[in-house]
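Presented below is the structure to which this report refers.
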Protein chains: 2
Amino acid sequence: MSRKITIKDVAAEAGVSEATISRALNDSPQVKKATRQRIQKIAQDLGYHPNGLARSIRVQKTNTLGVIIPDILNNFFTHIIRAIEDAAAQAGYDVLIVNTDEQDDREVSALNLMLEKQAAGVIITSAGGPTNYAAQLGNTPAVFVDRMPPAGIATQYDRVLVDNVRGTQDLVTQLIDRGAQRVGIINSAVSMTATERLKGYHRALSVAGQPHDPAIEVTARTDNSNVAQMTRQLLVNQRCDGLLAADNTIMDAVLHKLPDLDLPPFQLGSFDDQDWFDFLPQPIVTAKQPIAQIGKTAVDRLIARINQPDLPAEEFRLAAKIITH
Amino acid sequence: MSRKITIKDVAAEAGVSEATISRALNDSPQVKKATRQRIQKIAQDLGYHPNGLARSIRVQKTNTLGVIIPDILNNFFTHIIRAIEDAAAQAGYDVLIVNTDEQDDREVSALNLMLEKQAAGVIITSAGGPTNYAAQLGNTPAVFVDRMPPAGIATQYDRVLVDNVRGTQDLVTQLIDRGAQRVGIINSAVSMTATERLKGYHRALSVAGQPHDPAIEVTARTDNSNVAQMTRQLLVNQRCDGLLAADNTIMDAVLHKLPDLDLPPFQLGSFDDQDWFDFLPQPIVTAKQPIAQIGKTAVDRLIARINQPDLPAEEFRLAAKIITH
DNA sequence: GTGAAAGCGCTAACAT
DNA sequence: ATGTTAGCGCTTTCAC
């Protein structure tokens, strides 16, 4: 098996120094055009691919952004990934994605991997557990997206996320406008998200002059294993005529349960949108996050911070849009 | 901003040579236990993370597998990614995923990126266009998954994919068993996949003693822009009482069109499964691919080839499973 | 059991 | 316009 082609091989073949090869391949203006073309052809013919690791080590920087994702099977996050990839590519960065499956220890490994690969910065959407970000990250630039780190340290980092309070308020208001008198909520297991979405829910009720009832405010487990039971609880026992699922995975679990129940008409709402909601047998209202914009904002901010590390930490809140399927 | 901590800093702090640090951190048996523990503590305290790029360059290998995906928004491929990540992690490899959005030029860039990052091997599920794999890859180990390279060169590489002929045959047979007398097919734009799925379709018809009719065998564009019109064509104009979508993206487009049409009952079938098919207003039969197994097979084979480059190229065919939602 | 020195592939001063 | 040299951070002989 032929050894890997290096710049040395190209230099030997072309009869010039390695430095000239390097210059020619990097389009340095100071190498003669004829030489450059000759060298590029030789490199091509030899099947030469520069060793990016060696390059990165020499120039002391990479063009890699690390991205930590809690659940790659979740449609919301695949859209995030795509938006991040696009924005990153446009800025000349490549992306190292790691899926943690909502496991804290995998988040720690993911971060380690990214640091070892010398990521220029990281985008974190996992933030489940007790990871000590400050200690792990050192001074690697980081932006948190969607899921936030613990309150104490959140303000040290840039954050990009949807306006949960407003989005949920608008969503619940819409359910009420459509006739719901008693809207139950199955909230998210992610703490800050849950707090904000609950707040929006309460606001909508207050504005509509409807009472709060703790009995119809329940919280899903991370794996949604209790959602089926809660769905029955709210729609049957508690006689809710409106149900809000605080994210798309919860809604999925709710939908799986509904056929078992024999229910009078009720209003259904979900934070996060899915294309296939169009196919459901009953209408559904969603708060659709501006995912592309979230991804782009995160990347732009991260790159800004890479280039200028002492920017003040900022929070970016983007508006959700109410959609009726 | 504090400079990045290197092995040199740890050596200075510990009062030993860099070589000893390296040995200690790599659990070399020849370093005294006390020394090792002392060094590991110092490294920890300093927030030292080894530079993986430098390491890779020195040992002349990486533990990175490149993965090229045509459409990260497609549920099928996110499952593939997850299976690959899991199998790779288990074998001590990390994964570099690049999404090409079905664009040939992005596939070429993706491959270049992987070669520059010195990927130990690549898994390719894109294979859309005229990429010259042999020239691009050189002797980088590669495994093709799901989408195959052009016929001429396919046999030079390992391939992992579902048994399309059998899967489609079983699927169509199921539709016929459920009462369909005239099953139309909207085939995939991916050529080899299409050929095989058409073959399975024909076989099922032959076994059932039903005639072939080219008028009800149509092909979707890559972007599915013609699927809506074809759906009407088959179900209305051609009066099919059965419709097979040859992949999940086609089925999605079909489902979006159905509400516009006012149809007598008919049988619906789809290659590829989706969880949310459960929620559809009418039953649907699918051929579910063994995705986890496909991913694991691909990774295992790739790693085998990395360790033993002159293995003969092989094809792995895995059976799909018929599911009725 | 530990240190000194070389070198992986590349680029950037500094020469010429 | 091109060559020479040094060195990025790490591991691995080869000494001791």
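Basis for what follows: all heavy atoms, side chains included, without hydrogens, waters or symmetry-related copies. Letters A, B, ... are given to chains in the order of the sequence lines, protein chains preceding strands, and every chain is numbered from 1.
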Problem set entry | D:dG9 phosphate, OP1 or OP2, under 4.0 Å from A:Gln60 side-chain N/O | yes
Exercise. Is B:Thr35 touching bases, backbone alone, or none of the nucleic acid, heavy atoms closer than 4.0 Å?
Worked result: sugar-phosphate
Exercise. Does a side chain donor of either A:Ser126 or A:Thr100 reach within less than 3.5 Å of an acceptor in the other side chain?
Worked result: yes
For this session: Provide the start and end nucleotides, 5' to 3', of the part of DNA chain C that has atoms under 4.0 Å from heavy atoms of chain B.
Result: C:dG1 to C:dG9
For this session: Taking A:Asp71 for its side chain and A:Leu73 for its backbone only, find out whether a donor-acceptor pair lies under 3.5 Å.
Result: yes
For this session: Report the distance from atom NE2 of B:His79 to atom CG of B:Asn74, rounding to the nearest 0.5 Å.
Result: 10.5 Å
Exercise. So, does A:Arg305 use its side chain to make a donor-acceptor pair with the main chain of A:Pro141 at under 3.5 Å?
Worked result: no
Problem set entry | DNA chain C contacts made by residues 38-54 of chain A, counting heavy atoms under 4.0 Å | A:Tyr48, A:Pro50, A:Asn51, A:Ala54
Interface polar pairs with nucleotides 13-16 of chain D, N/O, under 3.5 angstrom:
{"residue": "D:dT13", "atom": "O4", "partner": "B:Arg23", "partner atom": "NH2", "Å": "3.3"}

For this session: Would you check if the side chain of A:Arg159 reaches a backbone N or O of A:Phe316 as a donor-acceptor pair within less than 3.5 Å?
Result: no
Exercise. What does the inter-axis angle of the helix from C:dG1-D:dC16 to C:dT16-D:dA1 come out as, five pairs per end, nearest 10 degrees?
Worked result: 40°
Problem set entry | ring pair (Phe, Tyr, Trp, His ring centres under 6.0 Å) involving A:Phe144 - partner list, sequence neighbours excluded | A:Tyr133, A:Tyr157
Pairs under 3.5 angstrom only: tabulate donor-acceptor contacts from the side chains of residues 14-24 of chain B to other protein residues two or more places apart or in another chain.
{"residue": "B:Ser17", "atom": "OG", "partner": "B:Ala19", "partner atom": "N", "Å": "3.4"}
{"residue": "B:Ser17", "atom": "OG", "partner": "B:Thr20", "partner atom": "N", "Å": "3.3"}
{"residue": "B:Ser17", "atom": "OG", "partner": "B:Thr20", "partner atom": "OG1", "Å": "3.3"}

